[in-house]
Structure formats: C-alpha cells, structure tokens
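In what follows, residues are counted from 1 in the order of the sequence shown.
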Amino acid sequence: MAERIEVLLTEQDVDKRIQEIGDQISRDYAGKNVHLVCVLKGGSFFMCELAKRITVPVSIDFMSVSSYGGNTKSSGVVRIVKDLDEPLAGKHVIVIEDIVDSGRTLSYLLDMLGSRGPEDVRLCTLLDKPERRVVDVKVDYTGFEIPDEFVVGYGLDYDQKYRNLPYIGVVKFD
C-alpha cells in the first residue's frame with residue numbers, strides 16, 4: 001500500500017503561527033527567563049523555530065518519553081526514556097510538544113515536572129487534536145487545532161519518514 005501526502009498547513013501558515021506564539025510567550029514572560037523542555041523527537045523542529053522567535057532569555061532541555069512501546073496504541077504506562085539534564089526548581093517551564101491527542105502522556109508528564117519545584121509549568125503544542133482527548137490537559141499555547149487525521153511534517157513522522165517536511169501534511173493511503 002503506497003502513501004501520499006496532502007498539504008494541510010503550508011510552510012507559510014506554520015511559520016506565521018510560530019511567530020505569533022513566540023510573540024505571545026515573549027509578552028507573557030516579559031522580564032523573566034523561560035526554560036523550554038522539548039519532548040523528543042517530534043517536538044525538536046517546533047522548539048528550535050519557536051525559540052528563535054522568543055525575545056526573552058531562553059534555556060532549553062530535552063526529554064524523551066514513551067507510552068507506546070512497540071504498539072500503535074498507547075499502553076497508558078509512561079516510561080521516561082531520557083530525563084532532563086537540568087533541575088527545574090524556580091524556573092518558568094514551557095513543555096514543547098509537536099502534537100497533543102489523547103492527553104494521557106502529557107497529563108502524566110506535566111504532573112511529574114510540576115512536582116520538581118518549578119515556578120510554573122505551561123504546555124505549548126504545534127498541533128492539537130481535541131476530539132481525541134481522553135484525559136483533560138490544559139494547553140496554554142496552541143499552534144493549530146486539527147481534525148483527527150494522521151499528520152506528518154515539521155517533526156511528525158510516519159515510520160520515521162517525512163519529519164523533515166517544512167509543512168504539515170496528511171498521510172493518505174492508496
């Protein structure tokens with residue numbers, strides 16, 4: 001079965017929205033430092049572009065979590081594959097994610113990071129699929145709400161392909 005990619009959000013749409021989010025974060029944190037925590041792998045593309053557009057001082061860290069194992073459905077058990085290198089105590093933390101769907105993993109992650117003593121923890125995602133939500137999770141900064149489609153590009157992949165697309169596309173199978 002061959003796949004093809006249909007453009008959902010153009011490179012220009014994504015770039016414009018990331019600038020708007022960067023402007024909003026810069027206003028919200030005026031006079032403060034922000035610590036961006038990128039959820040790997042998909043969030044890295046978005047975080048790099050977003051960090052360039054934030055005008056307040058920014059530090060970054062990375063973490064990798066898994067709730068899927070070898071399956072295509074979440075097991076509901078979250079495993080920390082790579083933890084943070086820096087402590088969060090007293091920091092203004094923004095978790096950067098590529099996409100929020102069920103909310104299970106992020107709910108766990110936000111609670112866990114909140115227990116590490118940050119000043120505050122907020123969530124920023126490029127894409128949000130609210131109709132897939134099974135756990136209520138507050139998204140503070142959202143790039144785009146999208147329909148329940150399988151999307152790729154800008155860090156999102158299908159079988160490790162298409163992460164490098166500069167736009168968001170929907171995978172269609174022929």
Side-chain angles (χ1 to χ4, degrees), residues 11 14-15 17-26 28-29 32-72 74-129 135 137-144 146 151-168:
E11 182 176 4
V14 174
D15 190 57
R17 186 64 187 128
I18 292 173
Q19 181 64 57
E20 293 168 354
I21 295 169
D23 292 343
Q24 184 64 53
I25 290 171
S26 299
D28 291 351
Y29 288 92
K32 300 174 183 171
N33 296 356
V34 293
H35 188 68
L36 304 180
V37 172
C38 176
V39 180
L40 295 171
K41 294 179 184 172
S44 60
F45 287 73
F46 176 43
M47 188 195 68
C48 288
E49 291 302 316
L50 179 62
K52 292 189 293 187
R53 291 162 174 85
I54 297 173
T55 57
V56 299
V58 169
S59 57
I60 62 173
D61 206 343
F62 299 88
M63 81 184 308
S64 181
V65 297
S66 175
S67 62
Y68 289 83
N71 300 315
T72 57
S74 174
S75 65
V77 176
V78 179
R79 185 170 63 93
I80 306 295
V81 178
K82 183 230 176 286
D83 206 342
L84 299 173
D85 295 329
E86 306 268 330
L88 298 181
K91 294 182 179 178
H92 297 284
V93 174
I94 303 175
V95 176
I96 307 296
E97 181 65 283
D98 54 359
I99 191 165
V100 178
D101 50 30
S102 75
R104 284 187 187 107
T105 302
L106 279 168
S107 176
Y108 172 85
L109 186 62
L110 292 170
D111 287 345
M112 190 236 341
L113 294 177
S115 73
R116 295 182 180 187
E119 185 72 26
D120 53 50
V121 178
R122 292 188 180 176
L123 175 59
C124 177
T125 186
L126 179 59
L127 304 174
D128 189 5
K129 289 184 182 179
V135 175
V137 64
K138 180 180 185 241
V139 181
D140 300 284
Y141 304 100
T142 301
F144 301 92
I146 62 168
V151 291
V152 294
Y154 231 90
L156 295 135
D157 74 297
Y158 168 66
D159 197 23
Q160 294 297 330
K161 298 183 291 187
Y162 308 116
R163 281 190 199 278
N164 62 318
L165 294 176
Y167 58 87
I168 303 297

Given side chains that start at C-beta, do those of [X] and [Y] come closer than 4.5 Å, heavy atoms only?
X      : Y      : result
Val81  : Leu40  : no
Leu50  : Ile25  : yes
Val14  : Phe45  : no
Leu123 : Val100 : yes
Asp98  : Val39  : no
Phe46  : Ile96  : yes

Roughly how far apart are [X] [atom1] and [Y] [atom2], rounded to 0.5 Å?
X      : Y      : atom1 : atom2 : result
Ile60  : Ile94  : CD1   : CD1   : 13.0 Å
Lys82  : Phe62  : NZ    : CZ    : 8.5 Å
Met112 : Leu109 : CE    : CG    : 5.0 Å
Ile21  : Leu126 : CD1   : CG    : 7.0 Å
Ile99  : Glu97  : CD1   : CD    : 8.5 Å
Leu88  : His35  : CG    : NE2   : 5.5 Å

[X] to [Y] - nearest heavy-atom pair and separation:
X      : Y     : value
Tyr141 : Gln24 : CE2-CG, 3.8 Å
Cys38  : Ser44 : SG-N, 3.4 Å
Pro118 : Val93 : CB-CG2, 3.8 Å

Does [X] have any side-chain contact (heavy atoms from CB on, under 4.5 Å) partners at least two apart in sequence or in another chain, and if so, which?
X      : result
Ser26  : Ile54, Thr55
Asp159 : none
Asn164 : none

Q. In terms of heavy-atom contacts, does NZ of Lys129 have more than 12 from other residues, nucleotides or ligands at under 6.0 Å?
A. yes

Among residues at least two apart in sequence or on other chains, which ones pass side chain to side chain donor-acceptor pair (under 3.5 Å) with [X]?
X      : answer
Lys32  : none
Thr142 : none
Glu11  : none
Glu119 : none

Q: Applying salt bridge (Lys or Arg N to Asp or Glu O under 4.0 Å), name anything that partners Glu86, two or more places apart in sequence or on another chain.
A: Lys91

Q: Give every residue pair that meets the salt bridge (charged side-chain N to carboxylate O under 4.0 Å, His left out) criterion with at least one member in residues 107-116, sequence neighbours excluded.
A: Asp83-Arg116

Q: Sort and list the pairs that fulfil salt bridge (charged side-chain N to carboxylate O under 4.0 Å, His left out) and have at least one residue in residues 48-58, not counting sequence neighbours.
A: Asp15-Arg53, Glu49-Lys52, Glu49-Arg53

**Q.** Salt-bridge present (Arg122, Asp28; N to O < 4.0 Å)
**A.** yes

(Q) Strictly distance-based, threshold 3.5 Å: is any side-chain N or O of Asp61 a donor or acceptor partner for the main-chain N or O of Asp85? (A) yes

Q: Apply ring pair (Phe, Tyr, Trp, His ring centres under 6.0 Å) to His92 and list each qualifying residue two or more places apart in sequence or on a separate chain.
A: Tyr29

Q.
Going by the rule ring pair (Phe, Tyr, Trp, His ring centres under 6.0 Å), which residues pair with Phe144 if we only count those two or more places apart in sequence or in a different chain?
A. none

Q.
Under the criterion side-chain contact (heavy atoms from CB on, under 4.5 Å), I'd like the reasoning laid out for Leu113 against Leu84: C-alpha separation, chi angles, the key distance, then a yes or no.
A. CA-CA 10 Å; Leu113 294 177; Leu84 299 173; 3.8 Å; yes

